[in-house]
Amino acid sequence: MIVRVAKTAGFCFGVRRAVDMAEALSRGHGSLYCYGEIIHNMNEVARLERGGMKTALSVNEVPDNTHVLIRAHGVAKAVYEAFEKKGCHIYDATCPFVKKIHTIVAAQCAAGRKILILGSAGHPEITGIAGWCRDARIFESPAHLEAALDSGTILPDEPLSVVGQTTLNRMVWDVSVKILKKRCTNCEIFDTICNATDERQAEARLLAGESGCMIVIGDKKSSNTKRLYEISKTLCPQAFYIEDAAELKADEISRFADRPIGITAGASTPAWIIKEVSNIMSEEMKIETGEDFAAMLEDSLKPIKNGDKVTGTVIAISQTDVQVDLGVKQTAYIPIDELSDDPAYNVEEHIHPNDEIEAVVVRVNDVEGIITLSKKRVDQLKGWESIEVAKEEHTIVEGTVIEENRGGVVATAFGVRVFIPASQTGVPKDESMSKLVKTRQSFYVTEINRQRKRVVGSIRAVQQEARRAAAEKIWETIEVGNEYEGTVKSLTSYGAFVDIGGVDGMIHISELSWGRIKSPSEVVSIGDSVKVYVIGLDKENRKISLGYKREEDNPWNIFTSKYAIGDVAKVKILKFMPFGAFAEIVPGVDGLIHISQIADHRIARADETLEVGEEVDAKIIDINDEKKKVSLSIRALLTGSGEEDAD
């Protein structure tokens, strides 16, 4: 006899999560109430109640100020509010996939849309979903839906939003959606059937089609188990629906020994019940290979131990866990905080359904068939290998800086923490290292101690190497006249030093501005990006002289393009001398008004008729291009002539 057990048989992700929470909370609290049956399996509920959990079928059964667990099927919003008023501490075991439906219907209802739910009326999950919106309409079959459309209960142009029970038969959903799309013009469809349900039902179809007999294990109240039985019965008339080993009729099943026997179990069926069934079958029949059914089941469970490295396929992703199929009977999951050490890790970007994923087994719960995994521990194991290779081969490592401490910063690379001392961060002593946090950085691994789990890195070493390489490239190509984009690194009294990409050059103070300045800080600051050009080179001593001021900004050129001899300009008196006064014609160009050209009468000093800062009209009477000097006359505008010799 050949017996085939569905890989998907037994606890689903949501049920496993709820049972796990119930066990943990029962141990941690003296009094724990569960609102409603935590899952649809009376044997498992009884086991949990023996462990200290109490089941309450109404809010009033739960005392005030106690700990209450919300069942896996979820509840209405009003239930949460009622427990909050009673001062209860709420723990939510609602399946994440069901929780998502609550969010959808609440948002769609708030947007003014009518909610249609496809599923079993009266089922706890449906009751809970309906409690997150107003006036939800529930339809159990396509025929029921069509009748509502024909009678006008649903109007063709009504704004509708449709969700389905997570365990709904895929065929029922597809037919119903087809009807709605054909007959309704304003309908939003949300496919909320759980992936695990689809896979479980698909496997049941395949198994039933190849079997002479099907055994479906699960509670009679379990909606998903009932659908597995319906699917099995359709394809394999000899289908048996049992809740536990006590209902197994092994002698009746043995009549079908000439064909394979298929076994599946509902999402609320614990591994220990499946095992009990296997033990009963082992007493009555032997597998044709010589192994009994229990041995075959044990083999399908594959003995997995803590610390084992495993590979599986991502089945589902929630806000708290990633469910993984390891090809064994147990349900495996990775808590979100076991995915990565990187605080910037984005689950949606890195993890997708059907992805293959490696992990380390952290804990195996043999009773419930639950395996807890850690991806980041695998990354760390691989990471140590990558880190060691990087040090040995002196290759650059990319990592994210996650925190700053007194001695430096900590980065993660390949899942391994790397300490970078302050002196190796590349950050100047007077600047904060906090600017590196949450940034990607390149560094060399300089020290490894596996026993102490200590890795030391250096960002500065990478920067220095890059700077040296850039400097060599610049010295190979640099010529007088070359232009560069640079950064001001430091200032002195005589100029500014600029990094032009690995090489420092100096802008003399005289090359910073066409005007007179007392300090380079009047023109540039440390950290400024500046455009410079090479005006002098000493390759032997590796010195570069840079220019900053541009010819197009030359005040003399601006002056000569605007004025000529004989023109009148508005000038500003700058200072007095014994022989006259200097006045600004344009910024950067001054002219001399000789004392004889200030007034139409003889004066002893310029300040007899002029004041510093005063603006007056003056005539340009001479321009010396070679010496860049200009002669001005106020007298010429008073007498009509400015040609009298100066005294």
For this session: Give a yes or no on whether the backbone of R605 and the side-chain of E608 come within a donor-acceptor separation of less than 3.5 Å.
Result: yes
Exercise. Are the side chain of R602 and the backbone of S596 linked by a donor-acceptor contact shorter than 3.5 Å?
Worked result: no
For this session: Please tell me if the side chains of L632 and I585 come closer than 4.5 Å, counting only heavy atoms from C-beta onward.
Result: yes
Seminar exercise, completed: Here the gap from I115 atom CD1 to F190 atom CZ, rounded to the nearest 0.5 Å, amounts to 8.0 Å
Exercise. Under the 3.5 angstrom rule, does the side chain of D499 hit a backbone N or O of G502 as a donor-acceptor pair?
Worked result: yes
Exercise. Please walk me through it: do I189 and K181 pass side chain to side chain contact (heavy atoms under 4.5 Å, CB included)?
Worked result: CA-CA 9 Å; I189 308 292; K181 285 183 175 179; 4.2 Å; yes
Exercise. Does any non-hydrogen side-chain atom of I101 lie less than 4.5 Å from one of W132?
Worked result: no
Problem set entry | Under-4.0 Å salt bridge between K375 and E338 | no
Seminar exercise, completed: Between R460 and S423 the two heavy atoms that sit nearest each other are CD-O, 3.2 Å
Seminar exercise, completed: The reported gap from OG1 in T439 to CD1 in I402 (rounded to nearest 0.5 angstrom) is 12.0 Å
Problem set entry | Exam field: side chain H352 to backbone E348, donor-acceptor pair closer than 3.5 Å | yes
Problem set entry | CD1-OH distance between I396 and Y444, expressed to the nearest 0.5 angstrom | 4.0 Å
Exercise. Quick one: does D528's side chain have a donor or acceptor within less than 3.5 Å of a partner on V530's backbone?
Worked result: no
Exercise. Applying the side-chain hydrogen bond (donor to acceptor under 3.5 Å, both in side chains) test to N186, which of K114, R113, E158 qualifies?
Worked result: R113
For this session: List the steps and the verdict of side chain to side chain contact (heavy atoms under 4.5 Å, CB included) for V416 and W384.
Result: CA-CA 7 Å; V416 177; W384 277 102; 4.0 Å; yes
Problem set entry | Flag, side chain of E522 to backbone of S519, donor-acceptor distance under 3.5 Å | yes
Seminar exercise, completed: Here the gap from Y345 atom OH to S340 atom OG, rounded to the nearest 0.5 Å, amounts to 6.0 Å
For this session: Could you check if a side-chain atom of I544 sits within less than 4.5 angstrom of a side-chain atom of L537, using non-hydrogen atoms only?
Result: yes
Problem set entry | Stepwise side chain to side chain contact (heavy atoms under 4.5 Å, CB included) check, V612 with L574 | CA-CA 6 Å; V612 172; L574 298 177; over 6 Å; no
For this session: Measure from the side-chain N and O atoms of N405 to the backbone N and O of G407, and report whether any donor-acceptor pair falls under 3.5 Å.
Result: yes
For this session: Look at the rings of F582 and F579 and say which category their plane angle falls in: under 30° parallel, 30 to 60° tilted, over 60° perpendicular.
Result: perpendicular
For this session: Count the heavy atoms belonging to other residues, nucleotides or ligands that lie under 6.0 Å from NZ of K628, then report whether that count exceeds 12.
Result: yes
Problem set entry | Pair E479-T477, side-chain donor/acceptor within less than 3.5 Å | no
For this session: Side-chain contact test, heavy atoms from C-beta onward, threshold under 4.5 Å: evaluate it for Y548 versus E511 and give yes or no.
Result: no
Exercise. Would you call R467-D504 a salt bridge at under 4.0 Å N-O?
Worked result: yes
Problem set entry | Closest heavy-atom pair and its distance - L512, I507 | CD2-CG2, 3.6 Å
Exercise. E188 and S161: side-chain donor and acceptor closer than 3.5 Å?
Worked result: no
Exercise. Side-chain contact, heavy-atom cut-off 4.5 Å: V324 with I334?
Worked result: yes
Problem set entry | I621 side, atom CD1; I593 side, atom CD1 - distance, nearest 0.5 Å | 9.5 Å
For this session: Please report the closest heavy-atom contact between A606 and G580, naming both atoms and the distance.
Result: CB-O, 3.9 Å
Exercise. Taking the six-membered ring for Trp, are F497 and Y494 parallel (under 30°), tilted (30 to 60°) or perpendicular (over 60°)?
Worked result: perpendicular
Exercise. Can you tell me if NZ on K539 sees more than 12 non-hydrogen neighbours from other groups inside 6.0 Å?
Worked result: yes
Exercise. Quick one: are V418 and T412 in side-chain contact, heavy atoms under 4.5 Å?
Worked result: no
Exercise. Is there side-chain contact between T313 and D355, with at least one heavy-atom pair below 4.5 Å?
Worked result: no
Exercise. Is it the case that more than 12 heavy atoms not belonging to E392 sit under 6.0 Å from its CD atom?
Worked result: no
Exercise. Sub-3.5 Å donor-acceptor pair from the side chain of E611 to the main-chain atoms of D607, do we have one?
Worked result: no
Exercise. V524 versus L491: any side-chain heavy-atom pair under 4.5 Å?
Worked result: yes
For this session: Indicate the atoms forming the closest heavy-atom contact of A581 with F576, along with that distance.
Result: CB-CD2, 3.8 Å
Problem set entry | Contact summary for D337 and K376, nearest pair of heavy atoms | O-NZ, 3.1 Å
Exercise. With no hydrogens and no angle check, is any side-chain donor or acceptor of S458 less than 3.5 Å from a backbone partner on A461?
Worked result: yes
Exercise. Does the distance from a Lys or Arg side-chain N to an Asp or Glu carboxylate O, for E358 and R377, drop under 4.0 Å?
Worked result: no
Problem set entry | Full working for salt bridge (Lys or Arg N to Asp or Glu O under 4.0 Å) between K99 and D92 | CA-CA 10 Å; K99 199 74 175 174; D92 200 344; 2.7 Å; yes
For this session: Start with the C-alpha gap between D625 and W556, add the side-chain angles, then the distance that decides, and say whether side chain to side chain contact (heavy atoms under 4.5 Å, CB included) holds.
Result: CA-CA 9 Å; D625 276 312; W556 185 260; 3.1 Å; yes
Problem set entry | Distance (rounded to the nearest 0.5 Å) between C133 SG and I104 CD1 | 11.5 Å
For this session: Evaluate salt bridge (Lys or Arg N to Asp or Glu O under 4.0 Å) for R417 paired with E403, printing each intermediate quantity in order.
Result: CA-CA 10 Å; R417 289 170 65 89; E403 64 184 65; 3.6 Å; yes
Exercise. So, for I634 and A618, which heavy atoms are closest and what is the spacing to 0.1 Å?
Worked result: CG1-CB, 4.4 Å
For this session: Can you establish whether the number of heavy atoms outside E485 located under 6.0 Å from its atom CD is more than 12?
Result: yes
Problem set entry | Exceeds 12 heavy-atom contacts within 6.0 angstrom, atom NZ of K100 | no
Exercise. Do the side chain of Q108 and the main chain of V105 share a donor and acceptor less than 3.5 angstrom apart?
Worked result: no
